[in-house]
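Worksheet for the structure shown next.
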Amino acid sequence: MSTKKGHPRRGISMYSYQMLLGKTMTLEDAFLEMYDTGATCFELLTSYIEGYPNPSVKWIDNYWRMCEKYDLHPSELGHWAENHLHRGPGSTVDEMVEQLKRDFRLANLLGFTSLRTKITCTNMMCDPEPGWQEYIEKALPWAEKYNVRMQNEVHLPTTLHTPHIRDEYLEFIHRTGTKHFGFNIDFGTFQFRQAEGMPERMHRDFKDVTKPEEIVDFLPYSWACHTKFVNMNENFEETTIPYAEVIKLMIDNGWSGDLLSEYEGPARYGSEKDALRFGNALLEVPDQIRRHQIMMRNLLGY
Amino acid sequence: MVEFMAIQQRGFHNTCDKNGNIDGFEFRFVPTYYKGLWFTQCRFGNIEVDGEVFDRDGLIFEYQGMEYTREEMFDLNLYWQFREPLVFKVKKPGGLSIGYHDVKLQFGWVLNYNGELEKEFDGSGLGNSFIFDPNYERRMLLCR
C-alpha cells in the first residue's frame, strides 16, 4: 500500500433521499440539497433515471445540465444483476451479460466509472447464488470497454470476514486479475450498536461486526464506499459507527476513492404509513445528511 | 409527485361502462420500495374493500395507458418506473357508495438480496420480499 496519504472525494448517495423523491422532492431538488452540503460527487440509482433503461435525450441533457449547475460529479451508479426476473429457474449467462452490458453503457453515458452491482443472493448474509462467476467474468471485457468497475456491496450483516467475501469474491479478483470488479464497503458493516428508534425488525445483536483494521486488505479493490450512517447527533458525530478510525485507516493507506453518504436511520422507516412519521422524515432526512456531510468535512479536512 | 402512502386516494373513483352505467371502481398504487421493478418480478394478491374480496385474477392493471391482467404481467418486459402509479381497475356493478371505504391489497416482488430465493417458481405466491410487509391498507373517501 502507498505511503502517500489518500484524498477521497466527499459525496452523497441519492438513496439517502429515496423516501422523499417523487413525493416532495424532485431530482433537481436532490441536486440542490447535495450542492448545499459541499459534496462534490454522487451516487445515482438506475431506478432514478426517468425512462430506465432507455432514458430520453431530453432527460440526459437535463441530467448533465444539473451536474454542471450544481458542480457535482457522477461517482457510482447503483444497479442490480437480477437473474430471477421471470418465472422459472433463472436467467441464462448470456441473458445476464446482456443485462449488465445495458447498464454499463448507460453508466458510461452518464459519466459513472463505478457501479454498485447487486448480485443475486440466497440469504440474509448475502451469500451469492452459485454460478455468479460465469456471467460476471463474461461481462468483464464489456466493463473494460465502457470503463466501469463493478463493486459488490459489503453490507451489514455481512462482514469483511464473512467467508464468501474472501472465498468467492476475492478469489475471483485474484484468479481473473481484473481491475473491473471489487467492493463497495458499506460502513454499516462496522456498526457496533443499535441506533435508537430503529424498528424491531431491524434490531441486531452486533456481536460479529467488521473491525476497522480489516478494511486495509480490501482498499486496493474498492473505488467507492457507502459511508452509511444511522444516527447523527447535533455535535456532528455518528454514534454507532467508528468513523474517525476507519477514515484514518483509509487515508493513511493512500485510498483516494469516493465516500458516499448513505442515510439508513430510523426516520426512513414507516414514513409511508403515517402522516406524522412522514412529516418527521421531511425534516429529519435532509438534516441528518447535512450533519453527516459536516462530520465528513471535519474528518477529511475539506 | 405522488402521495406519501402506497395506496393513493388521488384517482379513487367509480368507473362507467360505454353506456354510462357504473361498472366498478379504480384507484392507484405506488410501491414504497426504494427502487423501480420489472413487472415480471411483481406479485399481486387479492384486493379487499370493506371486507369484500376481489380475486387478483379478475383485476385489470393499467400502466401508461395500457391494460394488463395479472397473468399478462408475467411476460411484460416493461420497467415499472420509480414513483409511477399503477391503476387497479376492479369490476363491481353499481360500484362503491359515496363515502369512506377501507381498501386493502397484497403486493410483493422478487427481491434479489436479503433473503432466500422465491419458492414458488410459477409466480403464484407473493415473491420473496419477506422483510417487507406485503399488506397495504388505507381508508379513502370516494366522491363519485
Side-chain angles (χ1 to χ4, degrees), chain A residues 14-27 45-55 78-90 99 118-129 153 155 157-158 201-202 264 268 270-275 277-279 281-282, chain B residues 1-10 29-43 64 70-71 73-85 109-125 127-133 135-139:
Chain A
M14 290 223 192
Y15 169 88
S16 302
Y17 302 107
Q18 54 103 352
M19 74 292 289
L20 305 180
L21 281 171
K23 293 182 178 177
T24 63
M25 180 183 266
T26 64
L27 199 62
L45 306 185
T46 51
S47 292
Y48 306 157
I49 299 168
E50 187 183 299
Y52 173 81
N54 301 301
H79 77 140
W80 290 261
E82 299 196 73
N83 48 344
H84 293 281
L85 291 178
H86 298 273
R87 291 183 290 188
Q99 187 188 127
K118 206 78 183 174
I119 290 169
T120 298
C121 305
T122 58
N123 53 38
M124 282 303 288
M125 292 306 292
C126 269
D127 290 333
E129 185 178 22
E153 186 179 19
H155 189 288
T158 308
R201 68 183 172 85
M202 301 303 293
E264 213 159 37
R268 58 159 292 209
S271 67
E272 70 283 356
K273 289 184 177 173
D274 182 283
R277 280 178 175 269
F278 186 72
L282 272 175
Chain B
M1 296 283 184
V2 296
E3 296 169 77
F4 76 94
M5 295 179 89
I7 298 176
Q8 306 274 296
Q9 180 168 265
R10 196 177 301 136
F29 174 75
V30 182
T32 53
Y33 199 38
Y34 74 94
K35 67 183 280 288
L37 299 163
W38 293 93
F39 279 109
T40 53
Q41 66 188 135
C42 294
R43 303 290 181 259
Q64 295 180 341
R70 186 180 77 91
E71 183 62 30
M73 284 196 169
F74 286 118
D75 300 314
L76 186 60
N77 189 28
L78 189 63
Y79 195 71
W80 189 350
Q81 299 288 317
F82 181 68
R83 299 287 187 251
E84 188 152 338
W109 62 94
V110 178
L111 183 65
N112 86 323
Y113 65 106
N114 276 347
E116 296 175 14
L117 298 177
E118 182 183 37
K119 287 192 172 63
E120 303 90 352
F121 272 180
D122 62 356
S124 60
N128 64 344
S129 49
F130 312 120
I131 59 171
F132 303 101
D133 186 354
N135 299 297
Y136 297 82
E137 60 180 273
R138 183 170 180 183
R139 189 162 190 251

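Note on naming: letters A, B, ... go to the chains in the order of the sequence lines (proteins, then strands), and numbering restarts at 1 for each one.
Using a cut-off of 4.0 Å between Lys/Arg side-chain N and Asp/Glu carboxylate O, R43(B) and E118(B) are scored as salt-bridged.
Heavy-atom pairs under 4.5 Å with chain B were tallied for M125(A), H86(A), R268(A); the largest tally goes to H86(A). For chain A, the option among E84(B), K35(B), Q41(B) with the highest count of heavy-atom pairs below 4.5 Å is K35(B). Heavy-atom pairs under 4.5 Å with chain B were tallied for S47(A), A81(A), P157(A); the largest tally goes to S47(A).
In this structure, chain B has heavy atoms under 4.5 Å from both the backbone and the side chain of L21(A). Heavy atoms closer than 4.5 Å to chain B are found in the backbone of E50(A), but not in its side chain. Only the backbone of M25(A) comes within contact range of chain B, with at least one heavy atom under 4.5 Å from a heavy atom of that chain. At a 4.5 Å heavy-atom cutoff, the contact between F278(A) and chain B is made by side-chain atoms alone. Using a 4.5 Å cut-off between heavy atoms, E3(B) contacts chain A through its backbone alone, with no side-chain atom that close. Neither the backbone nor the side chain of A281(A) has a heavy atom closer than 4.5 Å to any heavy atom of chain B. For a residue to count as touching a neighbouring chain, one of its non-hydrogen atoms must lie under 4.5 Å from one of that chain's; by this rule L85(A) touches chain B with backbone and side chain alike. With a threshold of 4.5 angstrom between heavy atoms, N83(A) does not approach chain B through any atom at all. Heavy atoms of T26(A) lying under 4.5 Å from chain B belong to its backbone as well as its side chain.
Annotation for R277(A): atom CZ does not count as buried by contact number, only 12 or fewer foreign heavy atoms lying within 6.0 Å.
For N112(B) (side chain) and H84(A) (main-chain N/O), no donor-acceptor pair under 3.5 Å exists by modelled atom type. Of the possible polar contacts, one joining the Y79(B) side chain to the G36(B) backbone as a donor-acceptor pair under 3.5 Å is found.
If you look at W80(A) and Y113(B), their ring centroids are not closer than 6.0 Å.
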